[in-house]
Every structure is written in structure tokens, then in C-alpha cells.
Amino acid sequence: MAEKDRRKRVNVAVRVSHHQMLRHLAAAKGVTVQEILDTLLEANLDGIDGMTLKEIGKWAPTSPDGKSSR
């Protein structure tokens with residue numbers, strides 16, 4: 001049986017206070033902390049594909065209103 005959406009994982013440091021907030025949010029939503037982190041990263045790294053290293057150096061996350069602040 002093939003695993004659905006199998007990804008390699010890497011360790012990422014998260015502040016203890018942020019991890020506590022993520023655990024509370026995950027419990028409230030009925031998901032895992034990893035699923036929340038995946039969603040946040042995917043949303044904030046949108047548009048980074050195909051960028052050069054120089055462009056990535058100038059990259060900034062998407063603002064809450066959905067407009068890129070690059």
C-alpha cells in the first residue's frame with residue numbers, strides 16, 4: 001500500500017512559546033502541528049519556485065492581505 005503524500009522531513013527549530021500555540025491550535029482544529037506548519041509554509045513560500053538566488057535574497061513573505069511584499 002503506497003503512502004499518501006509521503007514527504008521527507010527535516011528538523012526545524014520553533015520557539016517553545018510558538019510550539020505551545022501550535023499545539024493548542026492543532027488540538028482545536030483536530031490536526032497535527034506538522035499539518036499546520038506545512039500549510040503556513042506553503043502559503044508563505046508561494047511564488048518562490050523558479051527564483052534565482054539573488055531574487056530569493058530579496059524575498060519577503062506574503063503579507064496577511066495576500067499581496068506579496070517582494
Side-chain angles (χ1 to χ4, degrees):
M1 176 194 237
E3 291 185 49
K4 181 182 173 191
D5 195 28
R6 183 180 167 104
R7 302 176 188 182
K8 288 187 178 185
R9 297 289 180 194
V10 297
N11 291 328
V12 176
V14 178
R15 289 189 178 143
V16 171
S17 60
H18 289 163
H19 194 264
Q20 289 170 342
M21 287 187 282
L22 287 167
R23 283 193 340 234
H24 290 298
L25 179 59
K29 296 285 187 180
V31 297
T32 65
V33 169
Q34 186 64 57
E35 289 171 317
I36 292 173
L37 286 173
D38 285 347
T39 302
L40 289 170
L41 285 170
E42 287 168 7
N44 285 289
L45 293 177
D46 186 38
I48 203 168
D49 292 340
M51 293 176 76
T52 65
L53 288 176
K54 187 175 184 179
E55 292 170 328
I56 289 172
K58 297 175 184 176
W59 173 85
T62 304
S63 62
D65 62 3
K67 297 177 183 174
S68 176
S69 56
R70 281 189 278 182

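We use all heavy atoms of the structure for the numbers below, so side chains are in, but hydrogens, waters and symmetry mates are not. On a predicted model such as this, the values are computed, not experimentally measured, just so you know.
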Could you tell me if the side chain of K29 sits less than 4.5 Å from the side chain of L25, heavy atoms only?
yes
Tell me, do V12 and L37 make a side-chain contact under 4.5 Å, heavy atoms counted?
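Not touching, per the 4.5 Å side-chain cut-off.
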Roughly how far, to the nearest 0.5 Å, is the CG atom of L53 from the CD atom of E55?
9.5 Å
If hydrophobic clusters are built from ILVMFWY residues whose side chains come within less than 4.5 Å, do V14 and I36 share one?
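Cluster IDs for V14 and I36 match.
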First locate atom NE2 of H18, then atom CZ of R23, and finally report the distance between them rounded to the nearest 0.5 Å.
14.0 Å
Which distance, rounded to the nearest 0.5 Å, do you find between the CG of L41 and the CD1 of I48?
10.5 Å
Would a single hydrophobic cluster contain both L45 and L40, if residues Ile, Leu, Val, Met, Phe, Trp and Tyr are joined by side-chain heavy-atom contacts under 4.5 Å?
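No; L45 is not reachable from L40 via cluster members.
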Can you get from V31 to L22 by hopping between Ile, Leu, Val, Met, Phe, Trp and Tyr side chains that sit under 4.5 Å apart?
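Per the 4.5 Å side-chain linkage, V31 and L22 are co-clustered.
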